[in-house]
Every structure is written in C-alpha cells, then in structure tokens.
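Notes follow the structure.
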Amino acid sequence: MPLIEEDSTIKTLEMAWKSNEDQFIFKISVKEQIVYTKRDVLSTIAKLFDPLGLLGPVIEIEKIKIDRYILNSQPERIFLGFSDASTHAYGAVVYLQCHAKASAPLSKLLTSKSRVAPLKTISVPRLELCACLLLEQHQWRHISSNENPADIISRGADPTDLKNLNLWWTGPTIFIEETNNDFSSSEIKMDPFEKELYSAEHKQFLYNCKTKEKKSGSISVEEFQHAKKYLVKTIQVNVFSSEVNALKKNETIKRTNVSNLNVFLDDDDLIRVGGRLTNSELSFDQKHPILLPRDHKLTDIIMEHFHIKNLHVGAQTLLHLVRQEYWPLNGRNNARRIVHECLKCYKTKPKLEEQIMASLPRERVTVSSPFSNTGIDLCGPFYIKYKNQRKGIFNKVYVAIFVCFSTRAVHLEILTDLTSDALIATLKRFFARRGICTTIFSDNATNFVGAISELRKFYQLFKKLPDNLASYLVSQSISWKFLTPRSPNFGGLWEAGVKSFNTI
C-alpha cells in the first residue's frame, strides 16, 4: 500500500501540496463578521505561510493552486528581475526563463518580496531605489507599468483576479520575445566573474553534488585558496586572453602594458609577474605576485579587502600590502581611488582648522627707504681663526642679521662679543653702510630665558638697554621696539634670515 494516495494532500502551515498534480495549494477561510478588529486581521495574515512570496500582491486568499516544478529540459536559463514602488508599498519579483534554440522560451515565477512603505512620507523615486535593493545585481532596463509584474505588488490586486493574472505567473510576454530574439544575453546575464562569485562555500556545495564523498564543516584554507585562484584565473582568461595564448605557445607577447613585466604562467596557469627576486627568501607570492587587470571589479574588491583588513590604511601602504600577493595594473591610481571613495575614511578624516592671521604691521606695508624699518637678530656663536696666524687659536664670534621690512634685503655684521660696546660698534658700521634707521625691531628678552649660557648673554644685553646704548639711540632719533613676550613667530622675517645663514 503506498504511503500517499493519489488524491491525498499533504498539508502544513495552511499550505498544501497536491502530490498527483504536483501543485501547491493555498486556502484560507475568513469568518464573516460585522466588525473586524486589528487582531482578527493579523491572526488571518499569520495563517498564510508563503516564504517565496508567490502571493505577494494579495494577502487575503480564498483558494489558489500553484505549480511546484518550474524547470524544463531547455538548457539555457536566465533570471529576470522586476521592481516597482508606489506611495503605499514597494516590491520586487524574479522569474526563471528557460531558452532553447528550436522552441519558445518558458518563463515562470520564482520568488518575490514586498514591503509596506514607511509611515514617514518618502518620495516615489526613493522608494524605487528601495525596491531595487530587494533584487540582486542586474543589468537595468526600463519597462512600462503595463508590462511590469512588480507593479502588481506596489498597487495590489484582487484575490479573485490573481488566479488568471498571467503577467504575475509568467512575466511580460513582450519582454520574453525580446530576450528570445534580439535582446543580447550579455545585458541580462551577469559578468563571468559575478557568475562565479559563489565563494568557497558554493564550491563545496558543488563538490558535494558531484561526488559521493561529502564535505562538511567550515571551509578549509585549501578550499579558500582554490576558490580565490579560480576567480582570478577566470578574469585573466577573459581580460588577458592573448597573453595567455602566447605564453602557452612560448611566443613573445606583443607590446602592451603587460609585456614589460616579464610575466609567466605558474603550475595553476595563473599569470604572474617576473622579476629579479627569484633567489631571495621571500614567499613565492611576494617574489612573483599574481597579475590583476586595471579597472576590474575583482581588483577593486581585493584592494577594498586589504584596505579594510589593515584598518583603513593610506594609498601608499595599501599598494604595498596588495603587492605582497597581487600586482594590479595601474595600482597606484586604483589605491588612491579606493581610499578616496572609502566612506569611513572620509567621515573620520579630521578637518583642520586654520587660524586667521592678523594684519601685517604698518612698517611692513608702508613704502619707505631701505632699512629705515629694520629687524635685528643675533645668531651664533661661531668659531673662526684669524688669517696669517701660524698657530692661531679659534675665536668666538657672533653674527648680527639686519632685515629690511620693505625690501626684505638682508645685511650681516660680525660681533666679537655680546657687550653693549660691541653692539654699538655693529650699529655704527651698519648705519655707515645703509643709513640711519627710524625703527629697530627685535625679539623680547624673555625669549632667551632657559637657553644655554651663550644665549643668556643675549638675555642680559636685551633685558635692559645699557645707558650708553640708550643714549646713543636717542641721539640718533632711533626707536627700538620689542616683540610681545613668548611670541617668536612675530619675528618670522628675521628668523628666516637666521635659518638661511645657518644653512650656508
């Protein structure tokens, strides 16, 4: 006696499977009441078990039958996705379309998802983008609302009409004809890399389907490396097809951006970069990194992985880390673009605040005679030996730097010591050569506090002008001005002269 009779039906969670016809049956009965409460509505909806979203346009169903088996013997299969949105809801639906050369294509509903629009008012274009996120990556085309099955989800449908709504169960007829005749399959199919981007878990699943020996548990290192090499090899065959053929035939590669890298094929038929590090103790990947094409999705994914794995490093460090295993063409520009487009790096990059600089003093912006307004600073000590001395000793000297405020000219004078008499003599020599100044600027004496013993003499000299120096300045009608204490940046004009003199 068979376990299941031909007319028997297996039922679970309000969804039944009719074995003799191989159909899913949905049936929900609603008691007629004068008033329906919110609890009654939610209780009825909870009885509907529809994980594939086959009944997306409606929620209240009386009785409907759906074919379980949707495949046929036609070899080529394409996934078609549609999305749509309205102010009330948005959703997406996916169809499986089977093609054969001698027969018409067959399209059937695979799955759908629907979402209620948020209570907060959102524009329809934004809801359209939310509907697009429900789909996987596809090549996008526009389709009118009359031919879009996802429009049924966003606008809803009457339960009695859903049974005979062919647009929902098989998809748009016009679109099927286009894909069968003149619509390029490359515009619907995913890129070869995207097709094989199943990761190591999918490779393990395919292995279990083909062999009796089953693998289970977490992915091993060998399986992960195998999946990674498989992806790289796939894109190398597509992008560097001429180079691969030339290397297999031991022919010379034509002059391209790859020819100067001394490339070769390894045991796994992967293109690797040559070099002069063959005899080094580095690993094989470091000596001969795998070649990656420029501006390819896999190259971007790998560089983004290294960027995130190493805590969002900069472009230079990112390129160095990637080249430990791969050699991306145009890698420097790709690394800069990855770092520039990283949202986390952009958000965490500090915005430097710049202090607005004050206006320049009047003496700096007023036209005047050369060295009428002068800044002075002392540097040293320096050790010199006088000429024509057979056994001369080194003598300590200092240099006074005079800077003109209007012309930026620099005048140098030598001081034998840091006494007021030596400074007066230096000023006299300077005035004799450049003329008498109107105003002299210098650092405040407190800038020299805590300096070495030689600089402390500067402090004693500038702390309080000696009587003879003060009387000399008064007699020459010269005004001596000091900068603000602890503000050496105000004397940048002569500090730059000191730096230039020290580098000579």
Side-chain angles (χ1 to χ4, degrees), residues 355-384 395-504:
Q355 184 68 31
I356 300 177
M357 300 183 67
S359 301
L360 295 173
R362 184 182 298 275
E363 293 80 6
R364 292 277 300 274
V365 296
T366 303
V367 179
S368 60
S369 301
F371 290 100
S372 60
N373 297 308
T374 304
I376 182 175
D377 198 8
L378 304 179
C379 62
F382 302 98
Y383 296 90
I384 63 172
N395 296 276
K396 186 186 298 184
V397 297
Y398 301 88
V399 176
I401 298 179
F402 298 87
V403 180
C404 175
F405 274 29
S406 59
T407 62
R408 309 297 188 273
V410 178
H411 180 89
L412 304 177
E413 288 289 343
I414 297 178
L415 287 80
T416 55
D417 54 26
L418 295 179
T419 61
S420 59
D421 293 334
L423 185 57
I424 291 174
T426 302
L427 290 174
K428 286 182 178 180
R429 293 195 300 271
F430 172 69
F431 294 156
R433 179 63 65 89
R434 305 299 179 187
I436 299 177
C437 300
T438 304
T439 308
I440 295 178
F441 294 83
S442 69
D443 290 341
N444 191 279
T446 56
N447 292 331
F448 304 124
V449 177
I452 58 178
S453 58
E454 286 81 2
L455 294 181
R456 286 177 183 163
K457 297 179 181 179
F458 289 160
Y459 172 73
Q460 297 296 335
L461 180 62
F462 287 104
K463 182 178 180 182
K464 183 178 180 181
L465 295 179
D467 295 337
N468 55 352
L469 179 57
S471 59
Y472 173 75
L473 295 176
V474 172
S475 64
Q476 299 295 329
S477 300
I478 300 174
S479 174
W480 193 300
K481 295 184 179 180
F482 295 98
L483 299 182
T484 307
R486 302 184 184 276
S487 301
N489 56 301
F490 288 176
L493 201 60
W494 53 82
E495 294 292 349
V498 172
K499 179 181 178 182
S500 300
F501 178 80
N502 289 331
T503 56
I504 295 177

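Counting from 1, the numbers follow the sequence of the chain as shown.
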Do you see a donor-acceptor pair shorter than 3.5 Å between the side chains of R433 and H411?
-> no
Sorted by chain and number, sequence neighbours left out, salt bridge (charged side-chain N to carboxylate O under 4.0 Å, His left out) with E363 holds for K481
With sequence neighbours excluded, tell me which residues meet salt bridge (charged side-chain N to carboxylate O under 4.0 Å, His left out) with R408.
-> none
Could you tell me whether I414 atom CD1 has more than 12 heavy atoms of other residues or ligands within 6.0 Å of it?
-> no
Return yes if some donor-acceptor pair links the side-chain N/O of S372 with the main-chain N/O of S369 below 3.5 Å, else return no.
-> yes
Using 0.5 Å steps for rounding, measure from the [atom1] atom of [X] to the [atom2] atom of [Y].
{"X": "N395", "Y": "Y383", "atom1": "CG", "atom2": "OH", "answer": "10.5 Å"}
{"X": "T426", "Y": "L378", "atom1": "OG1", "atom2": "CG", "answer": "8.5 Å"}
{"X": "I436", "Y": "L427", "atom1": "CD1", "atom2": "CG", "answer": "11.0 Å"}

List the atom of [X], the atom of [Y], and the distance in Å for their closest heavy-atom pair.
{"X": "P381", "Y": "Y398", "value": "CB-CE2, 3.6 Å"}
{"X": "L493", "Y": "F405", "value": "CD2-CD1, 3.7 Å"}
{"X": "S406", "Y": "S368", "value": "OG-O, 3.7 Å"}

Side chain to side chain donor-acceptor pair (under 3.5 Å) with E495: which residues, sequence neighbours excluded?
-> none
Please examine the side chains of [Y] and [X], heavy atoms only from C-beta on, and report whether any two atoms are closer than 4.5 Å.
{"X": "N373", "Y": "T366", "result": "no"}
{"X": "L412", "Y": "I401", "result": "yes"}
{"X": "K396", "Y": "F382", "result": "no"}

Test ring-ring contact (aromatic ring centres under 6.0 Å, His included) applied to F402 and F430, F441, F431, F501, the passing residue | F430
